[in-house]
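In what follows, a structure is listed as structure tokens, so that the remarks can point back to it.
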Amino acid sequence: MSTVYLNGKFIPIEDALIPVTDRGFLFGDGVYEVIPAYGGRLFRLSHHLQRLQNSLDGIRLDNPHSDGEWKAILDTLLEHNRGLAAANNDQSVYLQVTRGSAAKRDHSFPEHVIPTVFASSNPITDPDPAITEQGVAAITLDDIRWQYCDIKAVTLLPNVLLRQQAVDRNAMEAILIRNGLVIEGSASNVFVVKDGNILTPAKGPQMLPGITRDLVLELAEQHRLPCQETDISEDRLREADEIWITSSTREIIPVTVLDAKTVGQGSPGPVWKTMIGFYRTYKQSVRNGTAE
Ligand code: PDD
């Protein structure tokens, strides 16, 4: 049975209950993070905590913990669930902060309410080799979401509906298009490769600034691979030699079929192979404790 953290206590998941008046439940009024941990070491924790702070600022909620407190909570949680993970102790942490529970349902912010803080962790495995050897299918859809997609809000109904349309069409991800431009996936960021250049949309309120995305850009720069943050038109997406999607849970996945048409050569491309090599080396250095 896994242990979770809820409002100051480490308890069995079955015992973790919140009041039905919680604003996360009633309004989706909260934010979250997903943080992988390799060998029990949290991957890019400082980047995730900075994004958490930005999300909390975005919804005008005070951060209930300092970075040091967050690290202590999450490290303890990982230790509690170590026995459930494989020998390599790879786990993924989910953490959520909501505006708490007020007596009366009212859209406006309640006064003197304590935020609800929840965190859980689950074992993770390396991406399925079948996926990385063949790549995955994606579809394009209109981005129907709101104008603050840089906030990692728990209010994910549009993302859920978009992802399900992809699944219904046997695809792993929906790549979202707004005003003719590629934005991101329903739960991932998007890269394209054209003539050896790695391209990804620039950050802005229309997309979530992915931690994996930032690392891919860092690795490209460090290894002097040509890369650019720029607008990507829908046409450019369709003409790409390679398409990748990135996220904390999926790492870097090659998309080899887009809207039922082959991408590039129809198999994971050479630039992806180079990048996933750099990424795996980096991941190993986190496991060894020589990188964050
Ligand atoms: N989602 N864009 C969206 C809309 C996302 O939901 C995610 C991640 C990303 C990638 O961000 P990162 O590299 O920091 O994981 C981009 C997480 C994994 C989730 O909702 O489960």
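Note that the structure is a prediction, hence the values are computed from the model and not measured. Counting starts at 1 for both ligands and their atoms, following the listed order.
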### Residue, atom name and distance, where the atom is the protein heavy atom closest to atom 1 (N) of ligand 1
Lys152 NZ, 3.2 Å
### Message
Just to confirm my output: which protein heavy-atom neighbour is closest to atom 2 (N) of ligand 1, and how far is it?
### Response
Glu184 OE1, 2.6 Å
### Message
Could you identify the single nearest non-hydrogen protein atom to atom 21 (O) of ligand 1 and state the distance to 0.1 Å?
### Response
Val34 CG2, 3.6 Å
### Message
Polar contacts were defined as any N/O atom of the residue lying under 3.5 Å from an N/O atom of the ligand; does this apply to Pro209 and ligand 1?
### Response
no
#### Entry: Within-4.5 Å side-chain heavy-atom neighbours: Arg51 and Leu208
yes
### Query
Taking the non-hydrogen atoms of Arg250, is any one of them nearer than 4.0 angstrom to ligand 1?
no
### Proximal ligand 1 atoms for Ser186, defined as those under 4.0 Å from one of its heavy atoms
4 (C)
### Message
Counting non-hydrogen protein atoms only, what is the nearest one to atom 10 (C) of ligand 1? Give residue, atom name and distance.
### Response
Asn189 OD1, 3.6 Å
### Query
Going by the order shown, which atoms of ligand 1 are within less than 4.0 Å of some heavy atom of Thr246?
10 (C)
#### Entry: Residue, atom name and distance, where the atom is the protein heavy atom closest to atom 13 (O) of ligand 1
Thr212 OG1, 2.6 Å
### Query
Would you say Ser248 and ligand 1 have an N/O pair spaced under 3.5 Å apart?
yes
#### Entry: For ligand 1, the portion of Leu156 having any non-hydrogen atom under 4.0 Å away
neither
### Query
Around atom CG of Asp62, are there more than 12 heavy atoms of other residues, nucleotides or ligands at under 6.0 Å?
no
### Heavy-atom check, side chain of Val190 versus side chain of Trp244, under 4.5 Å
no
### Message
Checking a contact table here: which protein heavy atom is nearest atom 11 (O) of ligand 1, and how many Å away?
### Response
Gly210 CA, 3.4 Å
### Query
Any side-chain heavy atom of Phe25 sitting closer than 4.5 Å to one from Thr98?
no
### Query
Cationic tip of Arg60 within the cone over Phe109's six-membered ring, i.e. under 6.0 Å and within 45° of the normal?
no
## Note on the structure
Residues at least two apart in sequence or cross-chain that pass ring pair (Phe, Tyr, Trp, His ring centres under 6.0 Å) with Tyr148, listed by chain then number, are Trp146
### The one among Ala187, Ala153, Pro158, Cys149 that brings a heavy atom closest to atom 7 (C) of ligand 1
Ala187
### Task
Write out the residue and atom name of the closest protein heavy atom to atom 18 (C) of ligand 1, then the distance separating them to 0.1 Å.
Thr249 OG1, 3.8 Å
### Message
Can you confirm whether Lys194 is buried at NZ, in the sense that more than 12 heavy atoms of other residues, nucleotides or ligands lie under 6.0 Å from that atom?
### Response
yes
### Task
Would you tell me which option among Arg145, Arg51, Arg213, His47 has the nearest heavy-atom contact to atom 14 (O) of ligand 1?
Arg51
### Task
Please tell me if the side chains of Leu215 and His47 come closer than 4.5 Å, counting only heavy atoms from C-beta onward.
no
### Nearest-option assignment for atom 19 (C) of ligand 1, heavy atoms, candidates Phe43, Tyr94, Tyr32
Tyr32
### Task
Calculate, to the nearest 0.5 Å, the distance between atoms OH and OH belonging to Tyr94 and Tyr32 respectively.
6.5 Å
### Task
Can you sort out the partners of Glu292 under side-chain hydrogen bond (donor to acceptor under 3.5 Å, both in side chains), two or more places apart, ordered by chain and number?
Ser46
